[in-house]
Participant: 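Here it is: the structure, laid out below.
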Amino acid sequence: MPWWERIIAVAAAASLVLALPITDEIGFGLAILVLGVHFWRTRRVAVAAASR
């Protein structure tokens, strides 16, 4: 994971641990963002490798 993705993942984890109602939504949103970018990047690499 790139450094910027790790920072967002840490922020998502910290938001989910905090006991405030708004932080749950923020944490889930950031986690979905990190997972989406990660899956998009790995799928793109797998498709490029398969086309060779």
Side-chain angles (χ1 to χ4, degrees):
M1 290 173 71
W3 64 269
W4 59 269
E5 216 173 292
R6 291 180 189 190
I7 290 172
I8 296 173
V10 168
S15 295
L16 289 170
V17 170
L18 293 174
L20 300 172
I22 191 68
T23 59
D24 290 340
E25 288 83 8
I26 293 170
F28 284 127
L30 290 174
I32 289 170
L33 175 70
V34 168
L35 289 172
V37 169
H38 178 72
F39 286 135
W40 176 72
R41 186 182 324 110
T42 56
R43 178 171 166 75
R44 188 175 58 165
V45 169
V47 169
S51 66
R52 289 184 183 189

Participant: Under 3.5 Å, which donor-acceptor pairs do the side chains of residues 6-13 form with other protein atoms, sequence neighbours left out?
Facilitator:
{"from": "R6", "atom 1": "NE", "to": "M1", "atom 2": "O", "distance (Å)": "3.1"}
{"from": "R6", "atom 1": "NH2", "to": "M1", "atom 2": "O", "distance (Å)": "3.4"}

Participant: Using a cut-off of 6.0 Å, state whether more than 12 heavy atoms not belonging to W4 lie near its atom CH2.
Facilitator: yes

Participant: For residues 18-32, tabulate all N or O donor-acceptor pairs below 3.5 Å that involve a side-chain atom, not counting sequence neighbours.
Facilitator:
{"from": "T23", "atom 1": "OG1", "to": "S15", "atom 2": "O", "distance (Å)": "3.2"}
{"from": "T23", "atom 1": "OG1", "to": "L18", "atom 2": "O", "distance (Å)": "3.3"}
{"from": "T23", "atom 1": "OG1", "to": "L20", "atom 2": "O", "distance (Å)": "2.6"}

Participant: Applying salt bridge (charged side-chain N to carboxylate O under 4.0 Å, His left out), which residue pairs with at least one partner in residues 32-43 are found, sequence neighbours left out?
Facilitator: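 As it turns out, the salt bridge (charged side-chain N to carboxylate O under 4.0 Å, His left out) pairs with a partner in residues 32-43, which skip direct neighbours, are E5-R41.
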
